[in-house]
Trainee: 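Quick one: the structure is below, questions incoming.
FYI, the numbering just counts along the sequence from 1. Since this is a predicted model, take the numbers as computed values, not measurements.
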Amino acid sequence: MSTVNLGSLASTPRPLNGFLNAVEPTDVFRFSIDSTKNINLSLNNISTGDDADLRLFRDVNANGILDATDRINGFIESSTKLGNVDDAINVRANAGTYFAEVSRFASGSSGGVSYDLDLSATTSNSTGGFSNLLPKEFVLGNLSGDVTRFGNVSNNNTADVYNFSLGLFEGVNIRLSGISANADVDIRLIRDLDGDRIVDVGEEVARSTGGLGQAELISNIRQSGDYFLQVNQFSNSSAYTVTFDHFTTPEA
């Protein structure tokens with residue numbers, strides 16, 4: 001098992017790629033953050049027909065090695081979705097050293113698994129503190145009618161990402177509701193124009209960032225194409241309901 005030292009992780013995303021097989025079924029990436037931040041990890045572009053999983057640990061004994069002590073006492077979160085569906089981890093964490101582990105699920109088979117891993121550490125601040133990574137956590141496909149989904153955000157899951165598309169002469173209004181009175185949850189809509197699964201300048205379409213307990217609304221999205229909706233914890237934990245109100249445009 002090899003460990004790659006990434007040094008200090010900052011808001012600028014670090015895109016990596018790797019390959020796992022029966023000889024090397026696990027890759028480990030060590031990084032540090034210098035203050036309390038949101039650690040964002042996106043495991044994507046997993047090779048078709050394969051499966052890889054993602055786990056996050058803290059270096060609790062400060063020896064720079066992912067060992068048994070870290071696996072037991074330093075485990076923070078995992079994402080183990082089936083097949084080559086994207087895995088994502090978004091957690092609020094204190095200053096320290098951490099390990100992101102990517103592992104093959106079918107470690108006994110002879111084939112290999114290729115993948116991309118994006119990492120960033122963002123700060124929750126007055127601009128919303130949104131993650132700048134775009135894993136396809138929840139894939140809705142092309143919207144042909146209204147869609148409602150339920151979720152939760154917390155320090156152990158600071159962001160959820162929904163991927164959907166609109167066809168010609170289609171539009172959508174997006175509503176976030178059911179927020180706890182003492183929590184602040186925000187949304188923003190992204191078009192990943194270059195397909196790198198990272199939020200670049202000019203790719204944000206709209207955002208809604210109300211205060212404590214407030215519902216959010218992004219309305220009148222009419223341009224056809226592929227979209228990512230981020231649901232982001234700004235403060236405290238809350239369940240939420242997100243509704244995609246689909247409509248056809250007058251041109252149809």
Trainee: For side-chain contact (heavy atoms from CB on, under 4.5 Å), just list the numbers for Asn173 and Ile218, CA-CA rounded to whole Å, side-chain angles, deciding distance to a tenth of an Å, and then say yes or no.
Mentor: CA-CA 6 Å; Asn173 299 314; Ile218 293 175; over 6 Å; no

Trainee: Compare all side-chain heavy atoms of Arg197 with those of Phe228 and state whether any distance is below 4.5 angstrom.
Mentor: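 Side chain of Arg197 against side chain of Phe228, heavy atoms only: contact under 4.5 Å found.
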
Trainee: Any side-chain to backbone donor/acceptor pair from Glu216 onto Gly210? Under 3.5 Å, distance only.
Mentor: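 Yes, because the side chain of Glu216 sits within donor-acceptor range (under 3.5 Å) of the backbone of Gly210.
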
Trainee: Distance-only, no hydrogens or angles: does the His246 side chain make a donor-acceptor pair with backbone N or O of Asp146 under 3.5 Å?
Mentor: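 Flag not set: sc His246 to bb Asp146 has no pair under 3.5 Å.
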
Trainee: Would a distance-only check, ignoring hydrogens and angles, find a side-chain to backbone donor-acceptor pair under 3.5 Å from Glu137 to Val161?
Mentor: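 Indeed, once roles are kept as given, a pair shorter than 3.5 Å links the two residues.
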
Trainee: Transitive ILVMFWY cluster of Ile65 at side-chain heavy atoms under 4.5 Å: who else is in it?
Mentor: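 Members alongside Ile65: none; it stands by itself.
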
Trainee: Checking Gln233 side chain against Asn157 main chain: does a donor-acceptor pair fall under 3.5 Å?
Mentor: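 No, Gln233 side chain to Asn157 backbone: no donor-acceptor pair under 3.5 Å.
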
Trainee: Is the NZ or CZ atom of Lys136 both under 6.0 Å from the centre of the six-membered ring of Phe164 and within 45° of that ring's axis?
Mentor: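 Not satisfied by the 6.0 Å and 45° rule.
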
Trainee: Any ion pair linking Arg175 and Asp245 (charged N to carboxylate O, less than 4.0 Å)?
Mentor: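 Result for this pair is yes, salt bridge flagged.
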
Trainee: Asn40: what forms a side-chain hydrogen bond (donor to acceptor under 3.5 Å, both in side chains) with it, not counting sequence neighbours?
Mentor: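 Scan of Asn40 (side-chain hydrogen bond (donor to acceptor under 3.5 Å, both in side chains), adjacent residues dropped) gives Asn90, Ser120, Thr122.
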
Trainee: Is there a donor-acceptor pair closer than 3.5 Å between any side-chain N or O of Glu101 and the backbone N or O of Val28?
Mentor: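 Side chain of Glu101 to backbone of Val28, a donor-acceptor pair under 3.5 Å: no, none is there.
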
Trainee: Is the side chain of Asp67 donor-acceptor paired with the backbone N or O of Arg71 at a distance under 3.5 Å, no angle test?
Mentor: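 It does not hold such a pair.
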
Trainee: With side-chain hydrogen bond (donor to acceptor under 3.5 Å, both in side chains) as the test, pick out the partner of Tyr115 among Asp50, Asn44, Asp27.
Mentor: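 Going through the options one by one, the only one that passes is Asp27.
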
Trainee: Short question: side chain of Asn84, backbone of Asn45 - any donor-acceptor pair under 3.5 Å?
Mentor: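 Pair absent, no side-chain N/O of Asn84 close to backbone of Asn45.
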
Trainee: Is there a path of hydrophobic side-chain contacts, each under 4.5 Å between heavy atoms of I, L, V, M, F, W or Y residues, that connects Val91 with Phe75?
Mentor: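 No, Val91 and Phe75 fall in different hydrophobic clusters.
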
Trainee: Would you please test Asp70 and Asn73 for side-chain hydrogen bond (donor to acceptor under 3.5 Å, both in side chains) and show each step?
Mentor: CA-CA 5 Å; Asp70 301 322; Asn73 299 320; over 6 Å; no

Trainee: With clusters defined by side-chain heavy atoms of hydrophobic residues (ILVMFWY) lying less than 4.5 Å apart, directly or transitively, does Val102 cluster with Val85?
Mentor: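 No: no chain of side-chain contacts under 4.5 Å links Val85 to Val102.
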
Trainee: I'd like to check the side-chain hydrogen bond (donor to acceptor under 3.5 Å, both in side chains) partners of Tyr227; sequence neighbours left out, ordered by chain and number.
Mentor: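 None.
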
Trainee: Tell me if a side-chain donor or acceptor on Arg14 pairs with a main-chain N or O of Leu6 at a distance below 3.5 Å.
Mentor: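 Such a contact is found between Arg14 side chain and Leu6 backbone.
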
Trainee: Return yes if some donor-acceptor pair links the side-chain N/O of Thr241 with the main-chain N/O of Gly178 below 3.5 Å, else return no.
Mentor: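 Side chain of Thr241 to backbone of Gly178: no pair is present.
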
Trainee: Give a yes or no on whether a salt bridge exists between Glu204 and Arg188, defined as a side-chain N under 4.0 angstrom from a carboxylate O.
Mentor: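 Answer for the salt bridge query: yes.
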
Trainee: Any donor-acceptor pair under 3.5 Å linking the side chain of Ser238 with the backbone of Ser180?
Mentor: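 At least one qualifying donor-acceptor pair exists.
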
